[in-house]
Amino acid sequence: MSLKAILFDFNGVIINDERIHLQLIDEILLQENLQPQKVQERQASLGRSDRACFQELLVNRGRVASEEYLTQLLHRKAKAYALELEKLEKLPIYPGVEDLIYQVRSQHLKLAVVSGALHQEIELVLERAKLAEYFTVIVAGDDITTSKPQPDGYLLAVKRLNQEYPELNLQLPECLAIEDTPPGIQAAKHAQMQVVGVANTYPFHMLQRCCNWTVDYLSELELERIQQVFSGKQPQTSITEC
């Protein structure tokens with residue numbers, strides 16, 4: 001078996017924007033005359049899709065969460081997100097992202113994004129950061145009805161990569177996922193993928209217990225060593241559930 005594709009989470013892995021998302025969710029809740037997020041709700045939202053978060057927040061506040069209402073809130077948040085990014089002179093892209101993409105492309109591996117964010121948010125950032133050309137496949141929160149820790153996003157990404165590159169014959173275990181939260185890690189593992197945990201959102205020691213590899217920064221990721229594990233030249237360490 002060999003490593004053929006690397007699948008990136010988006011918020012918390014490519015861009016440091018979790019604070020912006022939490023702020024915008026609170027603003028929308030207040031506009032709807034609802035209580036802002038509690039501390040535990042903020043923590044529970046990390047790594048999950050906006051749709052799943054809004055759905056749970058509305059239910060917790062006794063508000064009927066129809067699909068039409070949820071979609072309206074999501075588009076309002078996406079519009080507000082774009083306005084927030086316009087205020088920034090430079091996007092908060094995590095250090096090491098561009099170097100890792102360069103390494104991946106030099107080794108002829110395929111790239112994809114698997115995220116709970118909306119397409120328009122992901123594409124906005126990738127275009128502005130001049131990274132869009134490298135990600136031929138994007139699976140976003142508006143592509144699927146479930147949220148991480150369910151594996152559906154990762155399964156769809158592999159299906160789309162095979163459609164884009166039929167000669168690749170990509171199998172789930174030939175993919176490496178890069179995640180920063182327990183729901184994302186669980187989703188990738190449920191999809192039979194090995195996982196790199198990057199300690200952008202949770203402490204290193206929490207991710208280390210349940211990831212195949214853990215780094216403080218993407219710049220520390222040793223891609224060559226990972227490829228040796230995939231090819232069987234190095235043993236794989238055992239991991240536990242998050």
Side-chain angles (χ1 to χ4, degrees), residues 7-87 92 112-126 137-160 177 179-191 200-202 241-242:
L7 282 56
F8 283 72
D9 180 35
F10 183 66
N11 310 111
V13 170
I14 291 178
I15 184 169
N16 182 8
D17 63 354
E18 300 284 12
R19 177 191 59 80
I20 296 173
H21 285 285
L22 294 172
Q23 171 195 323
L24 294 178
I25 289 171
D26 277 347
E27 287 178 3
I28 288 175
L29 289 173
L30 289 169
Q31 290 165 9
E32 295 297 300
N33 296 313
L34 296 170
Q35 186 183 42
Q37 300 168 93
K38 299 180 177 69
V39 173
Q40 61 269 31
E41 289 176 326
R42 283 175 164 250
Q43 193 69 25
S45 73
L46 297 174
R48 301 174 66 214
S49 72
D50 285 347
R51 180 174 291 274
C53 292
F54 270 120
Q55 194 165 30
E56 188 169 305
L57 289 167
L58 292 172
V59 169
N60 290 348
R61 286 151 181 76
R63 183 71 60 91
V64 176
S66 69
E67 286 302 311
E68 184 180 358
Y69 183 38
L70 278 172
T71 300
Q72 180 192 62
L73 295 183
L74 290 170
H75 285 301
R76 276 168 54 189
K77 177 183 168 289
K79 187 175 179 180
Y81 179 77
L83 292 173
E84 286 297 314
L85 292 192
E86 281 181 14
K87 299 175 186 176
V113 168
V114 180
S115 171
L118 296 185
H119 262 283
Q120 62 194 94
E121 297 178 358
I122 298 169
E123 289 166 359
L124 173 67
V125 169
L126 294 180
V137 167
I138 295 173
V139 174
D142 37 350
D143 288 317
I144 54 176
T145 57
T146 59
S147 172
K148 297 172 183 178
Q150 298 303 314
D152 302 59
Y154 279 108
L155 300 178
L156 181 56
V158 170
K159 181 180 178 180
R160 288 185 175 176
E179 283 283 356
D180 67 308
T181 65
I185 294 163
Q186 290 167 18
K189 288 170 67 178
H190 290 157
N200 290 333
T201 307
Y202 283 82
E241 290 292 332
C242 280

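These numbers come from the heavy atoms of this one structure, side chains and all, not from hydrogens, waters or symmetry mates. Position 1 is the first residue of the sequence, and the numbers go up from there.
Under the 4.5 Å side-chain criterion, counting only non-hydrogen atoms from C-beta, Ile25 is in contact with Leu57. Gln186 places none of its side-chain heavy atoms less than 4.5 Å from the side chain of Gln150. Between Val113 and Ile14, some side-chain heavy-atom pair lies under the 4.5 Å cut-off. Two residues are said to be in side-chain contact when any heavy atoms from C-beta on lie closer than 4.5 Å; Leu126 and Ile138 meet this criterion. Residues Leu24 and His21 form no side-chain contact, since every pair of their non-hydrogen atoms from C-beta on lies 4.5 Å or further apart. Looking only at side-chain heavy atoms (C-beta outward), Arg61 and Gln35 come within less than 4.5 Å of each other. Looking at heavy atoms from C-beta onward, Ile20 lies in side-chain contact with Leu85 at the 4.5 angstrom threshold. Under the 4.5 Å side-chain criterion, counting only non-hydrogen atoms from C-beta, Val64 is not in contact with Tyr69.
Of the inter-residue distances, the one linking Leu70 atom CG with Phe54 atom CZ reads 8.5 Å to the nearest 0.5 angstrom. Taken from CG in Asp152 to OG1 in Thr146, the straight-line distance is 3.0 Å, to the nearest 0.5 Å. A distance of 11.0 Å separates CG in Asn60 from CD in Gln55, rounded to the nearest 0.5 Å. Taken from CG in Leu118 to CG in Asp142, the straight-line distance is 4.5 Å, to the nearest 0.5 Å. Distance check: Asp50 CG to Leu73 CG gives 10.5 Å after rounding to the nearest 0.5 Å. Of the inter-residue distances, the one linking Asp26 atom CG with Gln31 atom CD reads 11.0 Å to the nearest 0.5 angstrom.
Residues Lys189 and Glu179 are not paired through a salt bridge, judged by the lack of any N-O separation under 4.0 Å between the basic side chain and the carboxylate. Of the charged side-chain nitrogens involved, at least one lies within less than 4.0 Å of a carboxylate oxygen, so that Arg76 and Glu32 count as a salt-bridged pair. Using a cut-off of 4.0 Å between Lys/Arg side-chain N and Asp/Glu carboxylate O, Asp143 and Arg160 are scored as salt-bridged.
With sequence neighbours excluded, the residues forming a salt bridge (charged side-chain N to carboxylate O under 4.0 Å, His left out) with Glu67 are Arg51, listed by chain and number. In this view, Glu18 satisfies the salt bridge (charged side-chain N to carboxylate O under 4.0 Å, His left out) rule with no residue, not counting sequence neighbours. Listed by chain and number, the residues in a salt bridge (charged side-chain N to carboxylate O under 4.0 Å, His left out) with Glu27 amount to none (sequence neighbours excluded).
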TODO: Starting from the C-alpha separation in whole Å, work towards a yes-or-no answer on side chain to side chain contact (heavy atoms under 4.5 Å, CB included) for Glu41 and Glu56.
DONE: CA-CA 9 Å; Glu41 289 176 326; Glu56 188 169 305; 5.8 Å; no

- [ ] Kindly indicate, with the supporting measurements, whether the criterion side chain to side chain donor-acceptor pair (under 3.5 Å) is fulfilled by Asn11 and Asp17.
- [x] CA-CA 6 Å; Asn11 310 111; Asp17 63 354; 2.9 Å; yes

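Closest of all the heavy-atom pairs between Leu58 and Ala65 is CD1-CB, 3.8 Å. Tyr154 and Ala191 make their closest contact through CB-CB, 3.8 Å (heavy atoms, listed as atom of the first residue, atom of the second, distance). When all heavy atoms are compared, the tightest approach of Thr181 to Gly47 is OG1-CA, 3.2 Å. Nearest heavy-atom pair, Asn200 versus Gly12, reported as atom, atom and distance to 0.1 Å: ND2-O, 2.9 Å. When all heavy atoms are compared, the tightest approach of Ser45 to Gln37 is OG-OE1, 4.1 Å. Residue Ser115 comes nearest to Lys148 through the heavy atom pair CA-NZ, 4.2 Å, listed as atom of the first residue, atom of the second, then distance.
Within 6.0 Å of CD on Glu68 lie no more than 12 heavy atoms contributed by other residues, nucleotides or ligands.
Just one residue in the list Ile185, Leu46, Asp180 forms a side-chain contact (heavy atoms from CB on, under 4.5 Å) with Tyr202, and that residue is Leu46.
A cation-pi arrangement is present between Lys77 and Tyr81, with the terminal nitrogen or guanidinium carbon under 6.0 Å from the aromatic centre and inside a 45° cone about the axis.
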